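Nothing here was measured: the structure is a model prediction, and the numbers come from that model. Per chain, numbering begins at 1; letters A, B, ... match sequence-line order.
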Amino acid sequence: MPEGHVIHRLAGEYDAAFAGSAVSVTSPQGRFADSAALLIGRSLVDTDAYGKHLFLNFDDDRAVHVHLGLYGKVAFGRSPAPEPVGLVRMRVEGNGSYADLRGPTACELMSQKQVAAVIDRLGPDPIRTDADPERAWVRLQTSRSSIGSLLMDQRTFAGVGNIYRAEVLFRARVNPYRESRAVRRKTFDGLWDDLVTLMRLGVRDGRIDTVRPEHEPEVMGRAPREDRHGGEVYVYRRDGQRCFVCGSLVRLEQMQGRTLYWCPRCQRR
DNA sequence: TAAGTATGTTAAG
DNA sequence: TTAACCTACTTAC
């Protein structure tokens with residue numbers, strides 16, 4: 001379930017379990033075996049999360065770069081680690097814990113120089129305290145894309161995915177098809193602040209909740225529900241259902257190969 | 001048992 | 001713009 005908040009959470013979990021410890025890194029599945037062998041005897045120094053990218057830093061100036069993609073997952077547990085279940089790309093063990101990584105798009109050993117190059121391609125990450133929203137603002141101003149498509153563009157906003165895109169636009173009542181250049185500064189500031197709020201909440205809670213107190217089920221007289229992704233939201237994957245705010249039917253459409261959800265009434269053009 | 005689906009990215013055309 | 005890829009789970013037959 002990987003938008004940026006999941007990656008920051010994972011960084012914290014890897015950190016808590018292994019930072020400062022000698023670890024054994026293996027690849028039961030085999031696809032990371034050659035790199036894992038190069039890490040024999042190394043300690044995991046600390047971790048970093050930038051957008052949807054996770055870095056496990058080792059004490060030899062190298063890092064394991066992990067990107068979960070659409071399906072990747074990590075399972076943590078206490079030692080002794082059981083026989084690997086399914087295809088475990090990378091298992092980290094040490095300090096009384098283990099962590100199994102399955103299904104990532106990327107799991108590769110790289111130098112800190114290569115790490116810097118990866119980070120260099122990313123826009124500001126609302127979860128990070130060192131993020132500079134001006135960089136995102138400049139891209140909005142100079143692009144001809146829609147705001148909906150730029151929110152998914154990792155060079156513009158790092159860590160934002162399909163759920164946060166849909167929800168933040170809904171909360172700001174912005175139509176996803178609006179040209180990014182036409183977005184006013186005040187609207188952008190509101191979107192950015194909301195991303196910061198929602199995504200940091202996501203890190204804290206491990207789920208995405210975006211429904212404001214005044215629209216909560218008990219206030220609106222509807223049954224509480226947990227969406228399939230684990231939280232409660234306004235529009236993401238609620239196509240064909242009634243908008244919590246105005247009662248219109250939530251819509252779905254493809255935007256550059258990804259499914260976009262929005263309320264045609266609350267988010268009028 | 002097979003097909004479909006998913007919070008993503010990249011490379012090919 | 002399309003297809004391919006990584007895996008596990010749900011739904012259809």
Check: Do any of residues 103-117 of chain A sit with a heavy atom less than 4.0 Å from DNA chain C, and if so which?
Finding: A/G103, A/T105

Item checked: Rounded distance in Å - NZ (A/K73) to C1' (B/dT5) -> 12 Å

Next item on the list: Report which part of the nucleic acid A/Q256 touches: base, sugar-phosphate, or nothing (heavy-atom distance under 4.0 Å, all strands).
Entry: nothing

Notebook entry, point to check: Picking from B/dT9, C/dC6, B/dG8, which would you name as closest to the side chain of A/M152?
Noted result: B/dG8

Next item on the list: Would you indicate what A/R165 reaches in the nucleic acid, counting non-hydrogen atoms under 4.0 angstrom: base, sugar-phosphate, or nothing?
Entry: nothing

Next item on the list: Would you check if there is a donor-acceptor pair between the side chains of A/T259 and A/Q254 at a distance under 3.5 Å?
Entry: yes

Item checked: Euclidean distance for P, C/dC5 against B/dG13 (whole angstrom) -> 13 Å

Notebook entry, point to check: Parallel, tilted or perpendicular for A/Y14 and A/F76, by the 30°/60° rule?
Noted result: perpendicular

Next item on the list: Under the side chain to side chain donor-acceptor pair (under 3.5 Å) rule, collect the residues that match up with A/D60, sequence neighbours excluded.
Entry: A/R62

Check: From the list B/dT10, C/dC6, B/dT7, which nucleotide is the closest neighbour of the side chain of A/R121?
Finding: B/dT10

Note to self: Please confirm whether the shortest side-chain N or O distance from A/R102 to OP1 or OP2 of C/dC6 is below 4.0 Å.
What the structure shows: no

Mind listing the side-chain donor-acceptor pairs of residues 131-140 of chain A below 3.5 Å, one per line with the distance, residues two or more places apart or on another chain?
| residue | atom | partner | partner atom | Å |
| --- | --- | --- | --- | --- |
| A/D132 | OD1 | A/E134 | N | 3.1 |
| A/E134 | OE1 | A/R185 | NH1 | 3.3 |
| A/E134 | OE2 | A/R185 | NH1 | 3.4 |
| A/E134 | OE2 | A/R185 | NH2 | 2.7 |
| A/R135 | NH2 | A/L122 | O | 2.7 |
| A/R139 | NE | A/T156 | OG1 | 2.8 |
| A/R139 | NH2 | A/D153 | OD2 | 3.2 |

Notebook entry, point to check: Listed by chain and number, what are the ring pair (Phe, Tyr, Trp, His ring centres under 6.0 Å) partners of A/H65, not counting sequence neighbours?
Noted result: A/H53, A/F55

Margin query: So A/Q29, base contact, sugar-phosphate only, or nothing? Heavy-atom distance under 4.0 Å.
Written below: sugar-phosphate

Check: How far, in whole Å, is C/dA3 from B/dT5 if one measures between their P atoms?
Finding: 15 Å

Next item on the list: Can you tell me the distance, in whole Å, between the NZ atom of A/K52 and the P atom of B/dT10?
Entry: 10 Å

Item checked: Closest to the A/L87 side chain, choosing from C/dT7, B/dT9, B/dG8 -> C/dT7

Next item on the list: Measure the distance from NE2 on A/H67 to P on C/dC5 and round it to the nearest whole Å.
Entry: 19 Å

Next item on the list: Under a 3.5 Å limit for both distances, which nucleotide forms a Watson-Crick or G-U wobble pair with B/dT1, could you say?
Entry: C/dA12

Item checked: d(OH, A/Y236; P, B/dG8) in whole Å -> 8 Å

Next item on the list: Sequence neighbours left out, what passes salt bridge (charged side-chain N to carboxylate O under 4.0 Å, His left out) with A/R251? Give chain and number order.
Entry: none

Let me have the donor-acceptor pairs involving side chains of residues 29-43 of chain A, under 3.5 Å, with sequence neighbours excluded, atom names and distances please.
| residue | atom | partner | partner atom | Å |
| --- | --- | --- | --- | --- |
| A/Q29 | OE1 | A/R89 | NE | 2.8 |
| A/R42 | NE | A/D59 | OD1 | 2.5 |

Next item on the list: Compare side-chain N and O positions of A/R207 against OP1 and OP2 of B/dT7 and report whether any pair is under 4.0 Å apart.
Entry: no

